[in-house]
S.K.: 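Could you have a look at this structure, given as structure tokens, before my questions?
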Protein chains: 2
Amino acid sequence: MPRQDEQNKQIRDARSEQILQAAAQVFARRGMAAAKISDIAKEAGLSHGLVYHYFKSKEEIFTTLVKKASENSMDIIQQANQREGTPLQKLQWMTEQMIESIGSGEEVLLFLIMIQASTSDAVPEEVKETLKMSSPVEVTAPLIIAGQREGEIIQADPIQLTVTYYALIQGLAINKIQWQECPMPDPMMIINIFRKRGE
Amino acid sequence: MPRQDEQNKQIRDARSEQILQAAAQVFARRGMAAAKISDIAKEAGLSHGLVYHYFKSKEEIFTTLVKKASENSMDIIQQANQREGTPLQKLQWMTEQMIESIGSGEEVLLFLIMIQASTSDAVPEEVKETLKMSSPVEVTAPLIIAGQREGEIIQADPIQLTVTYYALIQGLAINKIQWQECPMPDPMMIINIFRKRGE
DNA sequence: GTCTATACGACGATAGAC
DNA sequence: GTCTATCGTCGTATAGAC
């Protein structure tokens, strides 16, 4: 490959990433429907025509981001599963990672976009399918059940526990985007939802 | 007032309410920006022209709903404050009300709209002001502090505790809209975030 | 009070110049 | 590879008929 082409590829990759980052900002703040291509272009500091040079449509940008976000959070869950320790310890580690990721504000955008994708009818069906395929609840519930068997997690419907857990995580992410400096809870406090009392 | 006018007023009020209910459905599912007047009209079973006979604009409908929602949730908090019992008992009663309201699916729509209103840049500034005026966090934090003084609530930043509490409530509401049959947690489980352990 | 028809503006997407 | 100019569509809001 001639040197010219290599340079072009680098430019292409850089621009692509630049657009995705800008899009994450805009989508997170305004939602899929209200986000305008011109907003994204302005945020990225380039013309709106160029956006279409790199992505087929607004939908394609959104879809790309959702996939990325989904992979990210699945990664954390998988890693938690493979760690040493009791189920509760794995959950604790996972919670620390998520709180850290939300608190730092780095990946909270992707988090928010996932929530939008799963809650708004305004997003395309294909995207929703992507999310159903890899549902955090399904992957995390077994961990809860294991913890219950070992007696370190309270006896309650495991699905209910998992849903509650993610509701809290999602709620925190939503809060964070709106109130940048809002205090994040100690991960231990969250884990206390699960832990048996008085033992 | 002639009888004719009275009847007309009744019709007007009924239609107005009908439109607001339909709008709540559509806004909750699609968000302020993505919601189309034609969607609302269809949901309410009348022409889109008639919607404009009753409301000046889409924004006015949204604003009306947000105010209504804000008053609703403030009501619950105020009522909780005026009840007999310890701060923790008040919190527990409040939590029961909220879980009940979310679980029954009746007022969850208004709840969701409040969340959208506070998190999306797509909503008008006036609406956001309304919400800042009557922030649940500000009203609830004193209750938490009182509970800490009485020693029934764990020692941690009260703002942080309050934020976490509402994050969970909001997260549950969001979940509910997307997954109608999702199991709601026992209010006691939520209160356990606050309660001191081993006492 | 309710409807249909239409004006008008905004935005997604494309074409073509540089 | 990047930009500006433009098209076509869709949705808000209005006007006017019934």
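What's counted below: heavy atoms across the whole structure, side chains too, no hydrogens, waters or symmetry copies. Labels below follow one simple rule: chain letters A, B, ... track the order of the sequence lines, proteins then strands, and each chain is numbered from 1.
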S.K.: Just how far, in rounded Å, is C1' of C:dA10 from CZ of A:R30?
M.R.: 13 Å
S.K.: Report the distance from atom CD1 of A:I37 to atom P of D:dT6, rounded to the nearest whole Å.
M.R.: 21 Å
S.K.: Once you round it to whole Å, what is the distance between P of D:dT2 and NE2 of A:H53?
M.R.: 7 Å
S.K.: Is the closest side-chain heavy-atom distance between B:Y165 and B:M94 below 4.5 Å?
M.R.: yes
S.K.: Classify the nucleic acid contact of B:A14 as base, sugar-phosphate or nothing, counting any heavy atom under 4.0 Å across all strands shown.
M.R.: nothing
S.K.: Could you work out which one of C:dG1, D:dT4, C:dC3 sits closest to the side chain of B:L46?
M.R.: C:dC3
S.K.: Of the nucleotides C:dT4, D:dG1, C:dG1, which has the atom closest to the A:R12 side chain?
M.R.: D:dG1
S.K.: Do the non-hydrogen side-chain atoms of B:I193 and A:N192 ever get within less than 4.5 Å of each other?
M.R.: no
S.K.: In whole angstrom, what separates B:Q10's CD from C:dG1's C1'?
M.R.: 15 Å
S.K.: Please determine whether the number of non-hydrogen atoms from other residues, nucleotides or ligands lying under 6.0 Å from atom CD of A:E84 exceeds 12.
M.R.: no
S.K.: Output the single nucleotide from C:dC3, C:dA13, D:dT2 whose closest atom is nearest the side chain of A:H48.
M.R.: C:dA13
S.K.: Measure from NZ on B:K58 to P on D:dA13 and round the result to the nearest Å.
M.R.: 8 Å
S.K.: Using a 4.0 Å heavy-atom cut-off across all strands, classify B:L50 as base, sugar-phosphate, or nothing.
M.R.: base
S.K.: Report the distance from atom OH of A:Y54 to atom C1' of D:dC3, rounded to the nearest whole Å.
M.R.: 13 Å
S.K.: Write down the atom of A:I144, the atom of A:T162, and the distance for their closest heavy-atom approach.
M.R.: CG1-OG1, 3.8 Å
S.K.: Less than 4.0 angstrom between a side-chain N/O of A:Y52 and OP1 or OP2 of C:dA13, yes or no?
M.R.: yes
S.K.: Let's see if you can work this out: which of D:dG1, C:dT2, D:dA13 has an atom nearest to the side-chain heavy atoms of A:I11?
M.R.: D:dG1
S.K.: Using every non-hydrogen atom in the two residues, find where B:I159 and A:P183 come nearest and quote the distance to one decimal.
M.R.: CG2-CG, 4.0 Å
S.K.: Could you give the CG-to-P distance, from A:D39 to C:dA10, as a whole number of Å?
M.R.: 14 Å
S.K.: Between B:R15 and C:dG1, does any side-chain N or O lie under 4.0 Å from OP1 or OP2?
M.R.: no
S.K.: Looking across every strand, which nucleic acid part, if any, lies under 4.0 Å from A:A34 by heavy atom: base, sugar-phosphate, or nothing?
M.R.: nothing
S.K.: What integer distance in Å separates B:K42:NZ from C:dC3:C1'?
M.R.: 17 Å
